[in-house]
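Data first, discussion second: the structure below is written as structure tokens.
Sequential numbering from 1 along the given sequence is applied to the chain's residues.
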Amino acid sequence: MPKLDDKQSYRTSLEHHTLSDSNTTNTMPIRALLTFAAMLGGIVIVANYTVQFRIGDTPLTFGALTYPFSFLLLDILSEKYPKKETIKVVGLGIMIAFLPSYFAATPQIACASILAFCISQPLDVVLFYTFKRFFPKLWWLRNGCSTIIAQFFDTMVFFNLAFFGTQALATSMNMALADYSLKALVGIANTPIFYLFAIRIKNVWKNIT
């Protein structure tokens, strides 16, 4: 009869193997790719438009309420699909969002947004898989930390470029810090949604993929 330690070792190995297989063998169908890329692009377009409007007399913008959902979407996809499949969604999402963003906001804001997007979104995906590799059972860690770190870089790049020459640097930095604080809170608040769609619910994918 196997020892208890042997059983535990086998169970851990089996769980790791299953987790690895579930995230490396799934290929995203073209319908799902187009659907998720359109969702990602739509979120970015809305965020680029709403970032032009402040919330009352605060340095916060409405973009801080909408943009974090792009990271949530990518994290949910990263839980199911391998890295290269999620990166495809990022690339297609950028192409979908660029031209509408150009007309929805000023050219400077649109270009700053796309550049920040190109840096932060792939970073979020890479960080997600890194945390998942080293801490496979801590789903909340890979979701929360990857989002918070990636959004920091996104916010700093965006606000340094989007309003360069149109307002004082100190004003842009105040807006950046305020926006990042709100984005971080929204990102943390999205954790139950990530758990629901990425961890808890399995059948929801059957209707899309």
Do side-chain atoms of T147 reach the backbone of N143 as a donor and acceptor pair under 3.5 angstrom? yes
For the [atom1] atom of [X] and the [atom2] atom of [Y], what is their distance to the nearest 0.5 Å?
X    : Y    : atom1 : atom2 : value
I114 : N48  : CD1   : CG    : 6.0 Å
K183 : N190 : NZ    : CG    : 13.5 Å
L138 : F131 : CG    : CZ    : 10.5 Å
L73  : F194 : CG    : CZ    : 11.5 Å
T86  : D75  : OG1   : CG    : 9.5 Å

Please examine the side chains of [Y] and [X], heavy atoms only from C-beta on, and report whether any two atoms are closer than 4.5 Å.
X    : Y    : result
Y129 : R142 : no
L40  : F117 : yes
L161 : L115 : yes

Is a salt bridge present between E79 and K132, judged by a nitrogen-to-oxygen distance below 4.0 Å? yes
Indicate whether the side chain of S70 and that of Q121 have a donor and an acceptor atom separated by less than 3.5 Å. yes
Taking atom types as modelled and ignoring hydrogens, do the side chains of D179 and T155 form a donor-acceptor contact shorter than 3.5 angstrom? no
Assigning hydrophobic clusters by single linkage (Ile, Leu, Val, Met, Phe, Trp, Tyr; side-chain heavy-atom cutoff under 4.5 Å), is [X] placed with [Y]?
X   : Y    : answer
I43 : L123 : yes
M28 : M39  : yes
F36 : L92  : yes

Who pairs with F134 by side-chain contact (heavy atoms from CB on, under 4.5 Å), at least two apart in sequence or on another chain? T130
Tell me every residue that passes side-chain contact (heavy atoms from CB on, under 4.5 Å) with Q167, counting only those two or more places apart in sequence or in another chain. R54, F163, T171, S172, M175
Derivation and outcome, ring pair (Phe, Tyr, Trp, His ring centres under 6.0 Å), residues Y195 and W139: CA-CA 8 Å; Y195 174 76; W139 58 268; 4.9 Å; yes
What are the two closest heavy atoms between [X] and [Y], and how far apart are they?
X    : Y    : value
I45  : P100 : CD1-CB, 3.4 Å
I94  : C118 : CD1-SG, 3.6 Å
A178 : L60  : O-CD2, 2.9 Å

Name the orientation class of the two ring planes belonging to Y67 and F71 (parallel below 30°, tilted from 30 to 60°, perpendicular beyond 60°). perpendicular
